[in-house]
Amino acid sequence: MYGGGNVFETMKATALADEDPILLAAFEARIDRGEKIEPTDWMPQLYRKQLIRMIEQHAHSEIIGSLPEGTWITRAPGFKRKLALMAKVQDEVGHAQLLYSAAETLGKPREEMITDLINGKSKYSNIFNYPAFTWADSCFISWLVDAGAIVNQIANSKGSYGPYCRALERICAEESFHLKYGHHCVIHLATGTKTQREMMQAAVNRWWAPMMHFFGPSDKISVHSEILMKWKVKMASNDECRQQFLDMYVPKIWELGLTVPDENLKKNTVTGEWEFTEPDWEEFKRVINGDGPCNAERIAVRRTAEERGRWVREALLAPKAKYVAPLA
Ligand code: BYC
């Protein structure tokens, strides 16, 4: 049961009422048959709008997500870690490029997406609004945030919109290297000295709540899940992804002698579901609406990058100077 959207329900009904019922039925039949929808195919305006919203937010999450880890490149312990982290951050920015291109196929220009990001109109993942104080925070992101992203993206790569699915397939392949790198870093700290183990545990404690928020609000209050799942943009609900993540990674965290800061976390042996303390959805709302610990800093960095890069974009767009042979 999905629940959050009385206002959205009204919007959806109005938007769909304007569509040609025959085209809409044919479109939904294609989706039910598992066909991919391509950019030049007919699609309801609401499908287009929802895809732009979701893919654009995803793209923003990749470039903003590269910032907390990016600050650790110069301080990564050792040359190998530095090289690997640099490659990972570069991959994340590349993912943003792929995703902006996928969103552009739906008609929204990239410049407009970037403007909406730096003006605070578009959202991006909650989790990147928290600070990476220590090297262990960066390791947590590389292992567990990437793990969470993979759970969501593998599911959605089987979805209905061709360009998004193809981008996700490529992204998941790269993320699986990030995950291995991150796991290796966490194993190193968790099996290291007392100080290293404590640093890793403190990172898990700091990041656990944002990690639970990462999969989105619970299905009971999710606004967009119902229509996105009906049209196979989302192939698993927020709660299903959260459960799958807990299933796959809590045992691995425990295996390393680390604990999870939730005394209610346990697997119900009857239902097979993980039980946990209900995440603080008020904090989640505050953070995604601009009031997290690092929102202002993250957006300021993007705005500066945008301003400093303007001359490059202008130079690329300027007409080529004509070569005029010098007079003999
Ligand atoms: N953070 O109706 P709901 C990475 C918003 S990057 C912020 O459930 P939906 C990485 C939601 O937008 C990968 N906002 O929404 C990068 C909506 O607000 P609006 C990140 C969130 O769309 C670098 C409202 O809450 N992954 O891994 O059905 C380094 C109601 O939510 C969040 C993606 O972007 C959130 N966590 O489902 C390392 C995956 N959750 O728009 C790693 C693609 C919800 O009505 N996105 N909101 O104002 C999705 O799969 C879906 O959009 C979500 C949310 C599952 C996130």
Side-chain angles (χ1 to χ4, degrees), residues 2-5 7-8 11-12 49-70 72 85 88-96 98-99 102-103 116 120-130 132 137-157 159 161 164 167-168 171-172 174-175 178-179 181-182 207 209-231 233-242 245 279 281 283-290 292 295 298:
Y2 310 101
V7 176
F8 183 72
M11 271 167 51
K12 185 179 74 179
K49 210 171 142 193
Q50 279 284 359
L51 274 169
I52 293 175
R53 180 190 66 82
M54 196 171 125
I55 304 174
E56 179 183 354
Q57 284 181 12
H58 191 168
H60 295 332
S61 304
E62 299 280 355
I63 43 169
I64 297 284
S66 70
L67 299 177
E69 283 182 299
W72 277 96
L85 183 57
K88 177 186 189 301
V89 167
Q90 191 175 343
D91 284 352
E92 306 296 1
V93 178
H95 298 168
L98 287 173
L99 292 162
D116 285 351
K121 193 171 158 204
S122 290
K123 293 194 168 66
Y124 56 88
S125 185
N126 70 299
I127 203 154
F128 303 119
N129 290 307
Y130 293 85
D137 291 327
S138 159
C139 301
F140 182 100
I141 299 175
S142 298
W143 183 30
L144 291 166
V145 179
D146 277 76
I150 292 178
V151 165
N152 164 296
Q153 289 163 183
I154 286 195
N156 293 345
S157 71
Y161 188 58
Y164 187 42
L168 289 181
I171 291 171
C172 285
E174 293 184 356
E175 300 279 30
H178 302 168
L179 181 84
Y181 153 78
W207 288 81
M211 188 73 233
M212 294 300 278
H213 289 150
F214 178 78
F215 300 94
S218 73
D219 293 352
K220 288 194 289 292
I221 53 173
S222 165
V223 181
H224 306 289
S225 286
E226 186 182 355
I227 191 76
L228 289 176
M229 292 193 72
K230 177 175 158 65
W231 284 339
V233 175
K234 272 167 86 163
M235 299 297 280
S237 76
N238 301 357
D239 284 340
E240 283 164 351
C241 286
R242 202 171 359 253
F245 170 81
W281 296 117
E283 175 181 341
F284 169 77
K285 273 192 217 147
R286 264 199 319 277
V287 171
I288 67 173
N289 287 310
N295 298 60
R298 302 282 184 248

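The figures that follow rest on heavy atoms only: side chains count, while hydrogens, waters and symmetry mates do not. For clarity, every value in this text was computed on a predicted model and none was experimentally measured. Whatever order the structure lists ligands and atoms in, that order sets their numbers, starting from 1.
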Would you confirm whether Asp116, through its side chain, and Lys121, through its main-chain N or O, come within 3.5 Å as a donor-acceptor pair? no
Closest by any non-hydrogen atom to atom 45 (O) of ligand 1: pick that one out of His213, Glu226, His224. His224
Hydrogens and angles aside, do Tyr124 and His58 bring a side-chain donor and acceptor to less than 3.5 Å of each other? no
No-hydrogen, no-angle side-chain donor-acceptor test under 3.5 Å, Ser218 and Asp239: no
Proximal ligand 1 atoms for Asn238, defined as those under 4.0 Å from one of its heavy atoms: 8 (O), 37 (O), 55 (C)
Which of these, Ile141, Ile55, Asn126, has its nearest heavy atom closest to atom 36 (N) of ligand 1? Asn126
If you take the nearest heavy atom of each of Asn152, Ile127, Leu99, which one is closest to atom 49 (C) of ligand 1? Asn152
What is the closest protein heavy atom to atom 14 (N) of ligand 1, and at what distance does it sit? Ile288 CG2, 3.4 Å
Look at ligand 1 and say whether Lys88 reaches it with a heavy atom at a distance under 4.0 Å. yes
Please work out which of the three classes, parallel, tilted or perpendicular, describes the rings of Phe215 and Phe245, given edges at 30° and 60°. tilted
In ligand 1, which numbered atoms sit nearer than 4.0 Å to a non-hydrogen atom of Phe215? 55 (C)
In terms of residue, atom name and distance, what is the protein heavy atom nearest to atom 32 (C) of ligand 1? Phe284 CZ, 3.5 Å
Quick check against the 3.5 Å criterion: does Arg242 have a side-chain atom that pairs as donor or acceptor with the backbone of Met211? no
Glu56-Ser122 side chain donor-acceptor pair, cut-off 3.5 Å: yes
Can you list the atoms of ligand 1 that are under 4.0 Å from a heavy atom of Val223? 2 (O), 3 (P)
Checking the side chain of Asn126 only, and the main-chain atoms of Pro210 only, is there a donor and an acceptor separated by less than 3.5 Å? yes
I'd like to check which ligand 1 atoms, numbered from 1 as shown, lie under 4.0 Å from a non-hydrogen atom of Glu69. 29 (C), 38 (C)
The protein heavy atom nearest to atom 37 (O) of ligand 1 is Lys234 NZ, 2.9 Å
When you look at Ser142 and His178, which way does the side chain to side chain contact (heavy atoms under 4.5 Å, CB included) test go after all the steps? CA-CA 6 Å; Ser142 298; His178 302 168; 5.7 Å; no
At less than 4.0 angstrom from any non-hydrogen atom of Gly216, what atoms of ligand 1 do you find? 40 (N), 44 (C)
Does the side chain of Glu283 pick up a donor-acceptor pair with the side chain of His213 at under 3.5 Å? no
Can an N or O of Ser222 be found at a distance shorter than 3.5 Å from an N or O of ligand 1? yes
Look at atom 10 (C) of ligand 1 and say whether a protein heavy atom is found at less than 4.0 angstrom from it. yes
Pick, from Arg53, Met54, His58, the option with the minimum heavy-atom distance to atom 13 (C) of ligand 1. His58
Using the side chain to side chain contact (heavy atoms under 4.5 Å, CB included) rule, take Trp207 and Ile141 through it: C-alpha gap first, then chi angles, then the decisive distance, then the call. CA-CA 9 Å; Trp207 288 81; Ile141 299 175; 3.8 Å; yes
For the side chain of Asn295 and the backbone of Gly292, is there at least one donor-acceptor N/O pair under 3.5 Å apart? yes
Counting heavy atoms only, which of Lys123, Met235, Gln57, Gln50 is nearest atom 41 (O) of ligand 1? Gln57
Provide, to 0.1 Å, the distance between atom 56 (C) of ligand 1 and the closest protein heavy atom, together with that atom's residue and name. Phe214 O, 4.4 Å
Distance-minimising heavy-atom pair for Ala132 and Trp72: O-NE1, 3.0 Å
Check if Tyr164 has a non-hydrogen atom at a distance under 4.0 Å from any atom of ligand 1. yes
re atom 27 (O) of ligand 1, the protein heavy-atom contact at minimum distance is Ala149 CB, 3.0 Å
Does an N or O anywhere in Gln153 fall below 3.5 Å from an N or O of ligand 1? no
Return yes when Asn156 approaches ligand 1 closer than 4.0 angstrom through a heavy atom, no otherwise. yes
Subset of ligand 1 atoms that lie under 4.0 Å from at least one heavy atom of Asp146: 38 (C), 42 (C)
Contact check, His178 vs ligand 1, heavy-atom distance below 4.0 Å: no
Short question: side chain of Ser66, backbone of Ile63 - any donor-acceptor pair under 3.5 Å? yes
Looking only at distance, does Val145 have an N or O less than 3.5 Å from an N or O of ligand 1? no
Examine the side chains of Glu92 and His95 and answer whether a donor and an acceptor come within less than 3.5 Å of each other. yes
What's the verdict on side chain to side chain contact (heavy atoms under 4.5 Å, CB included) for Ser225 and Asn238, showing C-alpha distance, side-chain angles and the deciding distance? CA-CA 8 Å; Ser225 286; Asn238 301 357; 3.8 Å; yes
Specify whether the nearest protein heavy atom to atom 53 (C) of ligand 1 is under 4.0 angstrom away. no
At a 4.0 Å threshold, what atoms of ligand 1 neighbour a non-hydrogen atom of Pro217? 8 (O), 30 (C), 31 (O), 40 (N), 44 (C)
Heavy-atom contacts with Tyr124 under 4.0 Å: which atoms of ligand 1 show up? List them by number with element. 1 (N), 7 (C)
Please walk me through it: do Asp91 and Lys88 pass salt bridge (Lys or Arg N to Asp or Glu O under 4.0 Å)? CA-CA 5 Å; Asp91 284 352; Lys88 177 186 189 301; over 6 Å; no
Protein contact of atom 4 (C) of ligand 1 - nearest heavy atom, named by residue and atom, plus distance: Phe128 CZ, 3.9 Å
